[in-house]
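When reading the values below, keep in mind they use all heavy atoms of this one structure, side chains included, and skip hydrogens, waters and symmetry mates.
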Amino acid sequence: MPDKIIRRLRAGAAALAVTVLLAPVHGMAVLVFLFSAERYDSSGQGGPFRSCTPDSLSCAGPNVPLMIGCVLVVAGGVLLAYWAGRRAARP
């Protein structure tokens with residue numbers, strides 16, 4: 001019984017360690033996802049992140065491939081943490 005508890009604690013610690021190590025990557029992926037999901041004025045007037053307004057000359061819509069890439073990065077990190085926990089729980 002104590003061996004089972006130690007393995008579960010070891011698995012949780014491994015998964016938590018991977019999650020903490022990947023936290024900056026996940027944070028950047030979420031930030032990039034939020035920026036790529038918006039519509040921006042791409043005419044070059046008013047800065048790179050100026051929102052589209054009715055008088056905008058050109059608007060760029062959401063960057064869907066970049067959004068999918070961000071989701072895959074976060075999902076990959078979650079799967080890596082899961083794998084590390086499973087591997088650490090082996091007897």
Side-chain angles (χ1 to χ4, degrees):
M1 184 71 167
D3 183 46
K4 194 174 198 180
I5 294 171
I6 290 173
R7 284 187 297 158
R8 285 185 181 173
L9 289 174
R10 193 172 56 212
L16 182 65
V18 170
T19 302
V20 168
L21 285 174
L22 291 179
V25 175
H26 285 166
M28 186 61 77
V30 169
L31 185 65
V32 169
F33 180 87
L34 292 175
F35 278 131
S36 65
E38 297 291 326
R39 292 177 49 92
Y40 296 107
D41 185 355
S42 58
S43 65
Q45 300 171 355
F49 298 115
R50 182 174 171 231
S51 296
C52 283
T53 59
D55 61 337
S56 294
L57 300 174
S58 178
C59 281
N63 189 346
V64 176
L66 187 60
M67 291 169 62
I68 292 171
C70 291
V71 168
L72 291 176
V73 165
V74 172
V78 169
L79 288 175
L80 185 64
Y82 170 77
W83 176 79
R86 294 279 298 189
R87 183 126 173 110
R90 287 184 177 171

Asker: Do Trp83 and Val18 share a hydrophobic cluster (ILVMFWY, side-chain heavy atoms under 4.5 Å, transitive)?
Answerer: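 Linked, Trp83 and Val18 end up in one cluster.
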Asker: What is the minimum heavy-atom distance between Ala37 and Met67, and which atoms define it?
Answerer: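 Ala37 and Met67 have their closest heavy atoms at CA-SD, 3.8 Å.
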Asker: Mind listing the closest non-hydrogen atom pair of Ala15 and Ala81 along with its distance?
Answerer: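 It is CB-O, 3.6 Å.
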Asker: How long is the gap from CG on Leu9 to CG on Leu16, to the nearest 0.5 Å?
Answerer: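 Spacing of CG (Leu9) from CG (Leu16) equals 12.0 Å.
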Asker: Between Ser36 and Leu66, which heavy-atom pair has the shortest distance, and what is it?
Answerer: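 Shortest heavy-atom separation between Ser36 and Leu66 comes out as CB-CD2, 3.7 Å.
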Asker: Got a donor-acceptor contact below 3.5 angstrom from the Arg10 side chain to the Ala88 backbone?
Answerer: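 Present.
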Asker: Can you name the closest pair of heavy atoms from Leu22 and Gly77 and give their distance?
Answerer: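 Taking Leu22 first and Gly77 second, the nearest heavy atoms are CD1-CA, 3.7 Å.
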Asker: Over all heavy atoms of both residues, which pair between Ala11 and Gly85 is shortest? Give the atoms and the distance, please.
Answerer: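 So the minimum-distance heavy-atom pair works out to CB-O, 3.1 Å.
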Asker: Please round to the nearest 0.5 Å and tell me the distance separating atom CD1 of Ile68 and atom CZ of Phe33.
Answerer: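 CZ of Phe33 is found 9.5 Å from CD1 of Ile68.
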Asker: According to a 4.5 Å side-chain heavy-atom criterion applied to Ile, Leu, Val, Met, Phe, Trp and Tyr, with indirect links allowed, do Val20 and Val74 form part of one hydrophobic cluster?
Answerer: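 Looking at the clustering, Val74 is in a separate group from Val20.
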Asker: Should we count CZ of Arg8 as having more than 12 external heavy atoms under 6.0 Å?
Answerer: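 Counting other residues, nucleotides and ligands, CZ of Arg8 stays at 12 neighbours or fewer.
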